[in-house]
**Q** 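Below: one structure in structure tokens.
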Amino acid sequence: MKKIAFIIALTLTLLTSCKNDHKFTLNGDIKGISDTILVYYQSPYNSIDTIMAKNGRFEYSIPADTTTLFSLLLNNSKEVPVFAYRDGEANISGSLSSIVIEGEEDNMKMNEIFDMERKMKDDTTGIEKWIESFSKKYPGSFANVYLLNKYFIQREKPDYNRIKSILANLDGKVKDVPLIAEIQNVITDRGISNSTTIQSISLPDKNGKYPEWNALREKVTLLYFWASWDRESVEMQDSLAAMKKALSNKDFQIVGISLDIDKPHWNSRLPQDSVNWRQLCDFKGWQSNFIKQNKVSKIPYTILLDRKMNIIATDIYGKKLKDCIYQAIKKSDK
């Protein structure tokens, strides 16, 4: 898969219903796209769906008792956010270089954003100023989530002071979106620190599901960076499995993060049996935003986190790692 911006897919709960008889329909007629279109969701769906197009045309319907943002991935390179409203409909047309969306509310606002992206392209300063202006003009628009994530959060070194300034412009319903809520927690917990906390882990597992952030915060967590093509990092997982077995599962967890780029090969080489922790990979290798943000420059590599996702230690192994884990568990129990 080509290098692309991080694809967000956040479910935004605005309306609730005990029935499931409402739907949203997206009609598409886009020139020059492949027949297979990936659709990315996160909480509560935590899944990837597929749309099959024919000569660029398709129809896609989903249950819509709540308002949902999902993203289409066209030709493995072009990300197109779509807002699914209860009993709503939207039409998407044009070409890869000129997408047009017709529909309600934020779908129409995306056309302004696409136009800005075409005109400004690599003008980072201009784009940031435009986004700040957009957040003031449309404080209740969920399109702000897409803009914040793509142009501020998914960077090697996010500017949390700038993010906090934009967040101040937004309505409460937008701030309640899981991704935005997580960023606000980081700002609150760390006094706007961008170097000692893991802000989020937006990487899918082999089933396309993303880890629940709150669940990760319940335990002391070891992030283990490896790749199926690196013998040393593969073999080291056995020693980590033995160490994990000696620790209480309620207090400690390991999350494997792979730098693979070949999904079939990665799936065939996933550790079995004793290595029973969650394995994540976005198949971008060293170009992964998460790898860059956390300055991972070699494998194997470790990052040890406390229950608030603060970084305790990095690049430690063996007895030193085990001692740090015991100390972190002991400290969190106080």
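Treat the numbers as computed from the prediction; the structure is a model and nothing was measured.
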**Q** Let me see the working for Lys136 and Phe134 under side chain to side chain contact (heavy atoms under 4.5 Å, CB included), right down to the final yes or no.
**A** CA-CA 5 Å; Lys136 293 176 182 177; Phe134 184 93; over 6 Å; no
**Q** Do Leu304 and Ile325 have side chains that get closer than 4.5 Å, going by heavy atoms?
**A** yes
**Q** Are any of the side-chain nitrogens in Asp260 or Arg269 under 4.0 Å away from the carboxylate oxygens of its partner?
**A** no
**Q** Under 3.5 Å, side chain of Thr221 to main-chain N/O of Lys219, donor-acceptor pair present?
**A** yes
**Q** Whether Glu59 and Lys54 form a salt bridge (side-chain N of Lys/Arg under 4.0 Å from carboxylate O of Asp/Glu) is what I want to check.
**A**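 Here Lys54 does not pair with Glu59 in a salt bridge, since their nearest N and O are not under 4.0 Å apart.
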**Q** Quick one: does Asp205's side chain have a donor or acceptor within less than 3.5 Å of a partner on Asn207's backbone?
**A**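 Looks like yes, one N/O pair under 3.5 Å.
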**Q** Under 6.0 Å between ring centres, would you say that holds for Tyr326 and Phe252?
**A**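 Here the rings of Phe252 and Tyr326 have centres that are no less than 6.0 Å from each other.
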**Q** Can you see which heavy atom on Lys292 is nearest to which on Gln287, and at what distance?
**A**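 Scanning both residues completely, I find the closest heavy atoms to be NZ-OE1, 3.2 Å.
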**Q** State whether the side chain of Asp306 and the backbone N or O of Ala328 hold a donor-acceptor pair below 3.5 Å, judged by distance alone.
**A** no
**Q** Under a 4.0 Å N-O cut-off, is there an ion pair linking Lys319 with Asp323?
**A** yes
**Q** With no hydrogens and no angle check, do the side chains of Trp130 and Glu117 hold a donor and an acceptor under 3.5 Å apart?
**A**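 Looking only at side-chain atoms, Glu117 and Trp130 do not form any donor-acceptor pair under 3.5 Å.
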**Q** Do you know the tightest heavy-atom contact between Ala143 and Met110?
**A** CB-SD, 4.2 Å
**Q** Could you state whether Leu96 and Ile92 fall into the same hydrophobic cluster, counting links through intermediate Ile, Leu, Val, Met, Phe, Trp or Tyr residues with side-chain heavy atoms under 4.5 angstrom apart?
**A**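 Yes, because Leu96 and Ile92 connect within a single hydrophobic cluster, where side-chain heavy atoms sit under 4.5 Å apart.
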**Q** Any chance you could lay out the salt bridge (charged side-chain N to carboxylate O under 4.0 Å, His left out) test for Lys295 and Asp315, step after step, and finish with the verdict?
**A** CA-CA 11 Å; Lys295 298 179 174 57; Asp315 200 25; over 6 Å; no
**Q** Have Asp29 and Ser93 got a donor and an acceptor in their side chains that come within less than 3.5 Å?
**A**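 Result is no, nothing qualifies.
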**Q** For a side chain to side chain donor-acceptor pair (under 3.5 Å) check, start with the C-alpha distance between Trp226 and Gln279, then their side-chain angles and the critical distance, and finish with the verdict.
**A** CA-CA 10 Å; Trp226 70 289; Gln279 299 283 356; 2.9 Å; yes
**Q** State, with a plain yes or no, whether a side-chain heavy atom of Ile303 is found less than 4.5 Å away from one of Ile311.
**A** yes
**Q** Do you know which two heavy atoms are closest between Trp266 and Ser228, and how far apart they sit?
**A**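 Between these two residues, the closest heavy atoms are CA-OG, 4.3 Å.
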**Q** For the side chain of Tyr151 and the backbone of Thr124, is there at least one donor-acceptor N/O pair under 3.5 Å apart?
**A**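 No, because the side chain of Tyr151 does not come within donor-acceptor range (under 3.5 Å) of the backbone of Thr124.
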**Q** Give a yes or no on this: more than 12 heavy atoms of other residues, nucleotides or ligands lie within 6.0 Å of atom CZ of Arg118.
**A** yes
**Q** Out of the candidates Asp262, Ile261, Asn267, only one should pair with His265 under the side-chain contact (heavy atoms from CB on, under 4.5 Å) rule; please name it.
**A**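 The side-chain contact (heavy atoms from CB on, under 4.5 Å) with His265 is passed solely by Asp262 among Asp262, Ile261, Asn267.
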**Q** Does the side chain of Val220 reach to within under 4.5 Å of the side chain of Leu305, using non-hydrogen atoms?
**A**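 No - every pair of side-chain heavy atoms lies 4.5 Å or more apart.
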**Q** Evaluate the criterion side chain to side chain contact (heavy atoms under 4.5 Å, CB included) for residue pair Val255 and Tyr224; output intermediate values, then yes/no.
**A** CA-CA 6 Å; Val255 177; Tyr224 181 66; over 6 Å; no
**Q** Minimum heavy-atom separation for Pro81 to Ser71, with atom names?
**A** CA-OG, 4.0 Å
**Q** Could you grab the distance from atom CE of Met243 to atom OH of Tyr317, nearest 0.5 Å is fine?
**A**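 Met243 atom CE to Tyr317 atom OH measures 11.5 Å (nearest 0.5 Å).
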**Q** Just by distance, with hydrogens left out, do Gln253 and Lys244 show a side-chain donor and acceptor under 3.5 Å apart?
**A**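 Per modelled atom types, Gln253 and Lys244 side chains form no pair under 3.5 Å.
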**Q** Please examine the side chains of Leu170 and Leu148, heavy atoms only from C-beta on, and report whether any two atoms are closer than 4.5 Å.
**A** yes
**Q** A side-chain contact here means heavy atoms from C-beta on lying under 4.5 Å apart; do Ile201 and Leu223 qualify?
**A** yes
**Q** Write down the atom of Ile299, the atom of Ala227, and the distance for their closest heavy-atom approach.
**A** CD1-CB, 3.6 Å
**Q** With rounding to the nearest 0.5 Å, note down the distance linking NZ in Lys175 to CG in Asn169.
**A** 8.5 Å
**Q** Is it true that Leu73 and Val100 fall in one hydrophobic cluster, defined by side-chain heavy atoms closer than 4.5 Å?
**A** no
**Q** I'd like to know whether NZ of Lys322 has more than 12 heavy-atom contacts from other residues, nucleotides or ligands below 6.0 angstrom.
**A**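 Not buried by this count: 12 neighbours or fewer within 6.0 Å.
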**Q** Would a 4.5 Å heavy-atom cut-off, applied to side chains only, mark Phe152 and Leu147 as touching?
**A** no
**Q** Answer whether the closest heavy-atom distance between the side chains of Val82 and Leu69 falls below 4.5 Å.
**A**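 No, every pair of side-chain atoms sits at 4.5 Å or beyond.
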**Q** For a side chain to side chain contact (heavy atoms under 4.5 Å, CB included) check, start with the C-alpha distance between Leu240 and Ile254, then their side-chain angles and the critical distance, and finish with the verdict.
**A** CA-CA 9 Å; Leu240 291 178; Ile254 298 175; 4.1 Å; yes
**Q** Short question: side chain of Ser135, backbone of Glu132 - any donor-acceptor pair under 3.5 Å?
**A** yes
**Q** Using atom types as modelled and distance alone, determine if a side-chain donor or acceptor of Ser233 lies under 3.5 Å from a backbone N or O of Asp230.
**A** yes
**Q** Between Asp106 and Tyr85, do the side chains contain a donor N or O and an acceptor N or O under 3.5 Å apart?
**A** yes
**Q** Any luck finding a side-chain donor-acceptor pair between Glu105 and Tyr138 under 3.5 Å?
**A** no
**Q** Whether the side chain of Asp282 engages the backbone of Lys284 through a donor-acceptor N/O pair (distance < 3.5 Å, no angle test) should be reported.
**A**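 Yes.
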**Q** Donor-acceptor pair, Thr302 side chain versus Ile316 backbone, under 3.5 Å?
**A** yes
**Q** Starting at CD of Gln237, measure out to CG of Leu270 and round the result to the nearest 0.5 Å.
**A**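 If we round to the nearest 0.5 Å, Gln237:CD and Leu270:CG are 9.0 Å apart.
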**Q** Roughly how far apart are Ser268 OG and Lys263 NZ, rounded to 0.5 Å?
**A**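 Here the rounded value is 13.0 Å.
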**Q** Kindly say whether Ala64 contributes a backbone atom to a donor-acceptor pair with the side chain of Asp87 at under 3.5 angstrom?
**A** no
**Q** Kindly give the heavy-atom pair with the smallest separation between Ile62 and Ala84, and that separation in Å.
**A**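 Of all heavy-atom pairs spanning Ile62 and Ala84, the closest is CD1-CB, 3.8 Å.
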**Q** Looking at Asn111 and Ile101, would you say the former's side chain and the latter's main chain have a donor-acceptor pair under 3.5 Å?
**A**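 Indeed, once roles are kept as given, a pair shorter than 3.5 Å links the two residues.
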**Q** Would you check, one step at a time, whether the test side chain to side chain contact (heavy atoms under 4.5 Å, CB included) holds for Phe58 with Asn27?
**A** CA-CA 6 Å; Phe58 61 89; Asn27 301 299; over 6 Å; no
**Q** Please determine if Lys78 forms a cation-pi arrangement with Phe114, meaning its NZ or CZ atom is less than 6.0 Å from the six-membered ring centre and no more than 45° off the ring axis.
**A** yes
**Q** Return the orientation label for the Tyr60 and Phe70 ring planes: parallel under 30°, perpendicular over 60°, tilted otherwise.
**A**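 Rings of Tyr60 and Phe70: perpendicular, over 60°.
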**Q** Would you check if Val145 and Val174 make a side-chain contact, meaning some heavy-atom pair closer than 4.5 Å?
**A** yes
